[in-house]
There are 2 protein chains.
Amino acid sequence: MNKTQIKLIEAAEREFADRGFHGASVRDITTRAGTNVASINYHFGSKEELFLAMIRHRIEPINQERFELLEAALQEANGTPLEVRSLVEILIRPLVNSFSRGTNRKSFMRAMGRGMSEETQFTSILYKDVLGKLIKTFRYEFGRSMSDHPEELVDHCFAFLGSSISGVMHHRQKADNGHMRINFPDADHLINFVTGGIEAVVAATRP
Amino acid sequence: MNKTQIKLIEAAEREFADRGFHGASVRDITTRAGTNVASINYHFGSKEELFLAMIRHRIEPINQERFELLEAALQEANGTPLEVRSLVEILIRPLVNSFSRGTNRKSFMRAMGRGMSEETQFTSILYKDVLGKLIKTFRYEFGRSMSDHPEELVDHCFAFLGSSISGVMHHRQKADNGHMRINFPDADHLINFVTGGIEAVVAATRP
DNA sequence: AAAAAAATCAAACGTTTGTTTAAAAGCGAG
DNA sequence: CTCGCTTTTAAACAAACGTTTGATTTTTTT
């Protein structure tokens, strides 16, 4: 990955974060990157592939860390299912930690959050290509952790986890609407929220 | 509001839900509505104002119900702060209940969820114009309910509630990505999740 | 029934979109 | 220095965008 490609990806993060996928034009991106208009198509093939490359570039190290942590936890558990809290923690902590590493990681988060809820076309590509294995694996472990509950309830809880994560990714950096002033939350708060929420849902179904 | 305007709003719900604000063109919308291309500008002024009109048309009855429920609950509480669960319930139940009323309410939900995370320009208009009073009021009551906790923690919890709601609004109707199969959750599950989550966050801060 | 107002229509408006082209410039290796 | 390859560049591309126009039809008012 050469210098121009890096510049394009970093500019793309900012522009996609600020304007969304459709809202950011290739000219916006190349102007910010200081490159020619044609550079996106030359180096990545299309605007869409630039977006995907950007996502992969940032998310793959995070996902690798997640898989490593899961592996280690499963090893230690020695065959018994993990706690829900452990799974939640493994999914959230590497993500939130990456906020504080690097300058515009928050832009990337927002760009990914927006892009994934905005575009239907490559959302499915992304699921298959980048997130599919992660989702499948953790959904499976969730099923083991909640094995005495109906699959539908597991799905709901897993979905709640998903929206909480994507909710964090959507948040703006600055308090810009005058009503909600939000900083990126501590990983601990988010983990407590999701875990406590799931436990409450589970507790309510068996009276 | 005449017949053409209704047709346009309903078509807009579907198109904005499927393609997002920028992704759906005025020609997509008017074709689906069976009207002329110029009808959007004639009746609403612009594509953007059509979007806002669509949001208002659906969200205002919901918000009115929320305010009425809050009023009633405050009356009954007689000056004492409400439980967090009550506030969560008042915000969530009218929204989720509206899913089952009318044919394409789910499209509206998704359209609003997408539009609000996609567009920055009228997101702020929407906050000021449609959601501002609601957010302000419930944030204030949240503060009363959690009065022995720092404001920052209240903000975080309020934000968690917000992302959970907007997470529900983002969900697709069909299981379309092969990994996550999500139906719109019961109001009860969502309420339990958010309330339990907030309680867990609060509990963790005082050991 | 005539006049006034409102709504619809096909057509065209000027921009902006993502992408392509073909020539120019940069560059490492022999 | 030159060759072969990669990269950058300015220009142009067709297509799609939101919007406007002016004539025509429909509806309402008098």
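Throughout, a chain's letter reflects where its sequence line sits, starting with A, and its residues are numbered from 1. Side chains included, hydrogens not; waters and symmetry mates left out as well; all remaining heavy atoms used.
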**Q.** Closest nucleotide among C:dA10, D:dG18, D:dA10 to the A:Ala38 side chain
**A.** D:dA10

Q) Taking only N and O in the side chain of A:Asn41, is any of them less than 4.0 Å away from OP1 or OP2 of C:dG18? A) no

Q.
Do B:Ile55 and B:Phe108 make a side-chain contact, defined as non-hydrogen atoms from C-beta onward lying under 4.5 Å apart?
A. yes

Q. Does OP1 or OP2 of C:dT8 have a side-chain N or O of B:Asn36 closer than 4.0 Å?
A. no

**Q.** N/O donor-acceptor pair under 3.5 Å between A:Lys47 side chain and A:Ala24 backbone
**A.** yes

Q. Nearest to the side chain of A:Arg27, which nucleotide is it out of C:dT19, D:dT7, D:dG18?
A. C:dT19

(Q) Taking only side-chain N and O atoms of B:Ser25, does any of them lie within less than 4.0 angstrom of OP1 or OP2 on D:dC17? (A) yes

Q) Roughly how far, to the nearest 0.5 Å, is the CG atom of A:Leu190 from the CG atom of A:Asp186? A) 9.5 Å

Q: Tell me which of B:Gly34 and A:Lys47 sits closer to the 5' end of DNA chain C, going by the nucleotide each one is nearest to.
A: B:Gly34

**Q.** Phosphate OP1/OP2 of C:dT8: any B:His43 side-chain N/O under 4.0 Å
**A.** yes

Q: Using side-chain contact (heavy atoms from CB on, under 4.5 Å) as the criterion, list what pairs up with A:Phe67, not counting sequence neighbours.
A: A:Lys133, A:Leu134, A:Thr137

Q | Whole angstrom value for the distance that separates C1' of D:dT19 from CG of B:Leu50 | A | 14 Å

Q. Taking only side-chain nitrogens and oxygens of B:Thr4, does any of them come within less than 4.0 Å of OP1 or OP2 of C:dT8?
A. yes

Q. With a non-hydrogen cut-off below 4.0 angstrom, is B:Ser39 in contact with a base, only sugar-phosphate, or nothing?
A. nothing

